[in-house]
There are 2 protein chains.
Amino acid sequence: MMDLFDTLTRSGLSEKAAKALSKIPHKQVQVDPRRPFREPGHDRDEVIFIQTGLLAKYKPDGSGRRQIVALRFPGEGILPAKGKAPYGIQAITKADLMVGQASDLEPILEEYPEIANFFYKLAERQQAIGYEWLVNCGRRDSMARVAHLLCETAERMKVDPAKEAMRNPFTQQQIADITGQTSVNVNRVFADLERQGVIRRDGRLVHFEEFDELRRIASFQPDYLS
Amino acid sequence: MMDLFDTLTRSGLSEKAAKALSKIPHKQVQVDPRRPFREPGHDRDEVIFIQTGLLAKYKPDGSGRRQIVALRFPGEGILPAKGKAPYGIQAITKADLMVGQASDLEPILEEYPEIANFFYKLAERQQAIGYEWLVNCGRRDSMARVAHLLCETAERMKVDPAKEAMRNPFTQQQIADITGQTSVNVNRVFADLERQGVIRRDGRLVHFEEFDELRRIASFQPDYLS
DNA sequence: CGGTTGTTTGAACTGATTCAATCTGTGTGG
DNA sequence: CCACACAGATTGAATCAGTTCAAACAACCG
């Protein structure tokens with residue numbers, strides 16, 4: 001389980017500021033997958049920090065389908081802002097969250113200007129990821145998109161693909177919602193990747209048999225994640 | 001031509017902070033379309049403010065193609081950050097820019113904490129646009145994507161579609177690079193939209209004959225832009 | 001055991017790409 | 001002013017990647 005104080009100090013925040021941040025009044029929430037946690041249009045007056053599990057921001061597209069526009073892994077969070085969010089929030093896997101009020105955050109932001117700067121850096125990283133996802137959806141073919149998501153997920157879950165298998169946290173439908181396809185096609189891509197010997201599946205476990213090849217297929221350049 | 005001080009105060013910044021920001025030493029730059037202005041991997045040590053014209057952030061995709069991941073209209077800007085940018089910058093139409101150094105910005109950020117907050121809000125808006133683009137590329141069909149870009153562009157160029165025609169700033173290749181298609185298909189979509197009487201083209205001018213219908217095709221909900 | 005959620009497969013279809021050729025408008029130099 | 005070059009727009013034909021619809025199968029859980 002990710003500890004907030006540790007995460008903050010390890011990301012370069014001063015002990016004082018980190019302590020102040022992690023002392024914000026908050027409630028501990030557990031979110032089940034599939035059940036929406038916040039609907040599109042919800043008030044963005046909360047600070048959310050993820051301890052375990054996986055959260056997704058999603059947007060409906062007008063017809064029944066939806067697009068997942070961002071993921072949050074343990075140690076990451078969702079920051080507050082003015083107004084309503086144009087996206088909903090949903091758990092991918094059962095998640096433990098710390099949820100605080102934006103109003104409790106503000107005085108701390110004023111006291112420690114370094115935190116605003118810190119938040120800005122976090123937003124930068126999320127933006128870089130968003131750009132990469134756009135390239136993924138806009139320019140790569142079906143197989144590259146799935147491969148890219150696998151590479152990014154391994155990296156963000158801190159799985160070393162050379163040494164260990166990764167427990168794939170997504171259903172094929174969710175992968176489809178991230179990569180802009182249908183679950184039927186995601187299934188075929190997975191079968192292809194396995195037939196080519198790039199990955200091996202064992203239930204939800206994914207073994208990276210040839211990670212370099214997977215990275216090549218995905219044209220995955222991990223620098224945007226740092 | 002967009003004035004920096006005016007833009008800042010109109011966006012809610014205090015006169016003092018706005019004046020300090022607009023007094024940063026900077027050079028005036030004119031960028032021609034098609035000629036890359038900053039290559040992918042450039043140092044993010046500049047503050048850029050757009051006075052006239054249109055700038056695009058783009059990423060190459062490994063093979064020869066590229067994806068435009070963000071646009072900057074007059075009155076908007078590109079903020080600095082640590083490290084290298086994973087994207088390049090290019091002009092869509094001839095642009096007049098103010099370019100300053102990040103090192104000159106820092107002391108002002110420290111003096112006026114409200115500016116950090118202000119930058120954060122700008123980043124929020126760009127993020128919301130990025131999310132919408134993801135939905136566009138991932139979930140909408142070819143025609144909806146082009147229609148959506150037209151709606152968003154009209155809004156961001158402050159064209160009133162009921163009253164005036166819009167000078168389309170993009171080549172069909174650029175629209176393809178934004179919406180993740182080929183220029184050939186963009187051309188067919190335009191022809192379709194015109195055949196349906198939704199738009200009328202007159203050279204680069206686009207007349208919105210039935211803007212409501214265009215918005216419906218695009219499922220365009222402008223709230224994410226505010 | 002029955003219900004639910006997720007995965008897999010097949011067949012038919014279609015939207016978009018690819019490749020190639022042609023056309024149009026604009027700017028440039030002789 | 002004309003000839004030429006060049007970027008961009010347009011069109012056609014063939015192809016293909018991914019969708020759609022439908023059905024079967026597997027895994028999990030109370």
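Each chain gets a letter, A, B and so on, in the order the sequences are listed, and its residues count up from 1.
- Rounding to the nearest 0.5 angstrom, the gap separating the CD atom in A/Q181 from the CD1 atom in A/I175 is 9.0 Å.
- Whole-Å rounding puts the B/N185 CG to D/dA17 P distance at 16 Å.
- A heavy-atom distance below 4.5 Å is found between the side chains of B/L214 and B/F208.
- Applying the 4.0 Å criterion to OP1 and OP2 of C/dT18, one finds that B/R65 has a side-chain N or O inside that range.
- Looking at B/E132 and B/Q221, their side chains never come closer than 4.5 Å, going by heavy atoms from C-beta outward.
- Atom CZ of A/R34 and atom C1' of D/dC28 are 11 Å apart (whole Å).
- The bend of the helix from C/dC1-D/dG30 to C/dG30-D/dC1, defined by the angle between the axes of its first five and last five pairs, stands at 40° to the nearest 10°.
- OP1 or OP2 of D/dA9 has not a single side-chain nitrogen or oxygen of B/N187 nearer than 4.0 Å.
- A cation-pi contact, defined as under 6.0 Å to the ring centre and within 45° of the axis, links B/K57 to B/Y87.
- Phosphate contact (OP1/OP2 of D/dA17, side-chain N/O of A/S142, threshold under 4.0 Å): absent.
- Distances shorter than 4.0 Å separate none of the side-chain N or O atoms of A/Q173 from OP1 or OP2 on C/dT5.
- Taking atom CZ of residue B/R201 and atom P of nucleotide D/dT10, one finds them 4 Å apart after rounding to whole Å.
- Regarding A/D202, its CG atom lies at a distance of 15 Å from the C1' atom of C/dT7, rounded to whole Å.
- For A/Q181 and D/dA17, the CD to P distance is 13 Å, given to the nearest whole Å.
- For A/K59 and B/Y224, the positive end sits near the middle of the six-membered ring, less than 6.0 Å away and at most 45° from its axis.
- Put simply, A/T182 has a side-chain N or O that comes within less than 4.0 Å of OP1 or OP2 on D/dT19.
- At least one cation-pi condition fails for B/R215 and B/F220: the charged atom is not both under 6.0 angstrom from the six-membered ring centre and inside a 45 degree cone around its axis.
- For the pair A/Q172 CD and D/dA27 P, the interatomic distance rounds to 14 Å; values are reported in whole Å.
- Counting to the nearest Å, the C1' atom of D/dT19 and the CZ atom of B/R139 are 11 Å from each other.
- Not one side-chain nitrogen or oxygen of B/R188 sits closer than 4.0 Å to the OP1 or OP2 atom of D/dA13.
- To the nearest angstrom, C1' of D/dC28 lies 14 Å from NZ of A/K94.
- Remark: B/R156 is not positioned above the aromatic ring of B/F73, lacking an NZ or CZ atom under 6.0 angstrom from the ring centre and at most 45 degrees off the axis.
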